Structure formats: structure tokens, C-alpha cells
Amino acid sequence: MSSAEVAPPSGDPRVADLVRAGRIRVGLFLPQYAKDPSTGAAKGIYVDVVQALASRIGVELVLVERRTPAEAVAALNAGDCDLASLGFDPERAPLVGGFSPPFMRVEYTLMLPAGSPIRSIAQADRHGVRIAVVRDHASTLALGRIVRHAEQVGVDTPDEAFELMRSMRVDAWASVRPLLLHYLRCLPRARVLEESYGANLPAWVVAKGQEARLAYVSEFIHYAKASGLLQQAIDRAGWIGITLPA
């Protein structure tokens, strides 16, 4: 993916290597992006934000698309991308070189099938209850710290988690609210809890040894928040349950 409008290359030494390369490679995993059905191009809030970052540096944006968080982190640490995005979680901190400030806040909650007697997060944490989760997602890491009795059924992608729900092989699906509401349209009479069990705070991450690059990206996030760029990206997406972080 390339930018239609690229500014003159930045002279900031913290991104000099990216300017020399003429591109910034950014690793994203599902569901951080979606495909435009007419063009096949990746789109969404993450794409809009990192496109603005690439334009500010004055380089082309190249998306490195992966299926899972683990694959995106592996690409980052192998040098196959220059930047990736992860929701901050203490368990993830040792895997990367650092996190930027978060650029949005996304609630965690549960989807429940038609007729489910579950009315709260606490009611879902019972023996015999099976909860679909996507492995390594921040929502799954957070759930693992509060669930004591329910069984987590791990899969690799949101589509696989939805299939578990659709086929009634689980009693609930834990994820971020906007994603669950998106899939809700495909499952009549299912519902999403109003209650949440925390929130994802997506940030940009770099490989170890890239502290200068992280400082540049962190300054960009502060600018994007103050200038309204982030809010505009959220508004364009039209997803419910996403706000700016405090």
C-alpha cells in the first residue's frame, strides 16, 4: 500500500533509516484491518493512523499483513517490519522493545447466543461454561486473569471464534465490543453484554534496540490526538465502543 500524498522526507535522525529505505513496513493482524470488498485494499483505524504517520515521515506505507498477534510480533523481531501494533499488556512487554502511548480505548465484553441465561461477566465464570477466545489477543490475556471456573476455548482468528458461536459449541465469545457487534449482525437473536471486563489500549511497538524510533512514533501519537486526527479516524470507522484514551 502506498500513500497518495507523501510529504517531503523528514530530517529527523530518529527515522533516518526509514527515509533512506523510502518506506515504513507496518505489521498488522486480524482484526486490526479489514479488506475493502471492491478494491481488496486494507482499511480501518489502524491503517488510517499509520498512513498518516508514513505521510508525516515522507515515506511509502507498506502493510505487512498477518493472521495473529504472535505472527506480527515474529515479523517485527525478524526485521520483516519496522513497526507493529499491540494492545498493552504486562505479558507482552518482554516480547518487544517498547510501547507508544495508546491511541484508542476499546472495551472487552462477551457475545452470548440466543436464549443464554448469562446476564453478567460473573455469571459466565462458572464450571461448565465454555468461552471462545482468540489466542494471544489482549482480550484473552485480560480474561485469563479474572476467569477462575469457565473453560477458555482458544482459536487463531475471529472468524474461527464466531464459527464456534454459530455452531453452539461454546456458551460465549470474549473479545472487543466493536468486533462482537460486527459479527452480531450475522447471528440472529444473539446479544452483546453491556458490561465490560476491561479495555484494550492499542499502541505501536518496535523491536528491541529501536528506542529512538519509538520516541518519534510516541510524539506522533500525541500530535494525532491533539490535532483531532485520531478522532477523525475513529469517526470514519463508525465502530461502536471505541474512544480516545484518557
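Atom set for the values below is all heavy atoms of this structure, side chains included, hydrogens, waters and symmetry mates excluded. Computed from a prediction, not measured in an experiment: that's the story for all the values here.
- A cation-pi contact links Arg56 to Tyr223, judged by a cut-off of 6.0 Å to the six-membered ring centre and 45° from its axis.
- Using a cutoff of 4.0 Å between basic side-chain nitrogens and carboxylate oxygens, Glu195 and Arg177 are not scored as salt-bridged.
- Counting only heavy atoms from C-beta outward, the side chains of Ser85 and Leu28 approach each other to under 4.5 Å.
- You'll find the side chain of Pro158 reaches within 4.5 Å of the side chain of Leu179, heavy atoms only.
- No side-chain heavy atom of Glu151 sits under 4.5 Å from any side-chain heavy atom of Val129.
- Val15 is not connected to Phe99 by any chain of hydrophobic side-chain contacts under 4.5 Å among Ile, Leu, Val, Met, Phe, Trp and Tyr, and they are in different clusters.
- Under a hydrophobic clustering in which Ile, Leu, Val, Met, Phe, Trp and Tyr are joined whenever their side-chain heavy atoms come within less than 4.5 Å, directly or via other members, Val205 and Val217 fall into different clusters.
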Mind running side-chain contact (heavy atoms from CB on, under 4.5 Å) on Tyr216 and Leu53 for me, showing each step along the way? CA-CA 10 Å; Tyr216 182 95; Leu53 172 64; 4.0 Å; yes

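- Minimum heavy-atom separation, Lys43 to Pro37: NZ-CD, 4.2 Å.
- Under the 4.0 Å criterion applied to side-chain N and carboxylate O atoms, Asp82 and Arg25 are assigned as salt-bridge partners.
- A salt bridge between Arg145 and Asp89 is present, with a side-chain N of the basic residue lying under 4.0 Å from a carboxylate O of the acidic one.
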Test salt bridge (charged side-chain N to carboxylate O under 4.0 Å, His left out) on Glu160 and Arg67 and set out the steps. CA-CA 12 Å; Glu160 293 172 356; Arg67 294 174 69 246; 3.6 Å; yes

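- When the side chains of ILVMFWY residues are joined at heavy-atom separations under 4.5 Å, either directly or via intervening members, Leu143 and Val155 end up in a single hydrophobic cluster.
- One side chain, Ser38 or Asp36, offers a donor N or O that lies under 3.5 Å from an acceptor on the other.
- Phe162 pairs in a side-chain contact (heavy atoms from CB on, under 4.5 Å) with only one of the listed residues (Leu187, Leu180, Leu184), which is Leu187.
- Between Arg213 and Asp17 a salt bridge is recorded (basic side-chain N to carboxylate O distance below 4.0 Å).
- Using a 4.5 Å heavy-atom cutoff, the side chains of Pro69 and Arg92 are in contact.
- Residues Ala203 and Pro101 come closest through the heavy atom pair CB-O, 4.0 Å.
- Cluster membership check: Val59 shares its hydrophobic cluster with Leu63, using side-chain heavy-atom separations under 4.5 Å among Ile, Leu, Val, Met, Phe, Trp and Tyr.
- Aromatic ring pairs are classed by plane angle as parallel below 30°, tilted from 30° to 60° and perpendicular above 60°; the pair Trp204 and Tyr46 is perpendicular.
- Between Pro102 and Phe88, every side-chain heavy-atom pair lies at or beyond the 4.5 Å cut-off.
- Met165 is listed as a side-chain neighbour of Val170, based on a closest heavy-atom distance under 4.5 Å.
- Linking ILVMFWY side-chain heavy atoms closer than 4.5 Å, directly or via other members, places Val176 and Leu164 in a single hydrophobic cluster.
- Between Arg148 and Asp125 there is no salt bridge, since no side-chain N of the basic residue sits under 4.0 Å from a carboxylate O of the acidic one.
- Using a 4.5 Å heavy-atom cutoff, the side chains of Glu60 and Ile24 are not in contact.
- Counting heavy atoms from C-beta on, the side chains of Tyr183 and Ser175 never come closer than 4.5 Å.
- Within 6.0 Å of CD1 on Ile240 lie no more than 12 heavy atoms contributed by other residues, nucleotides or ligands.
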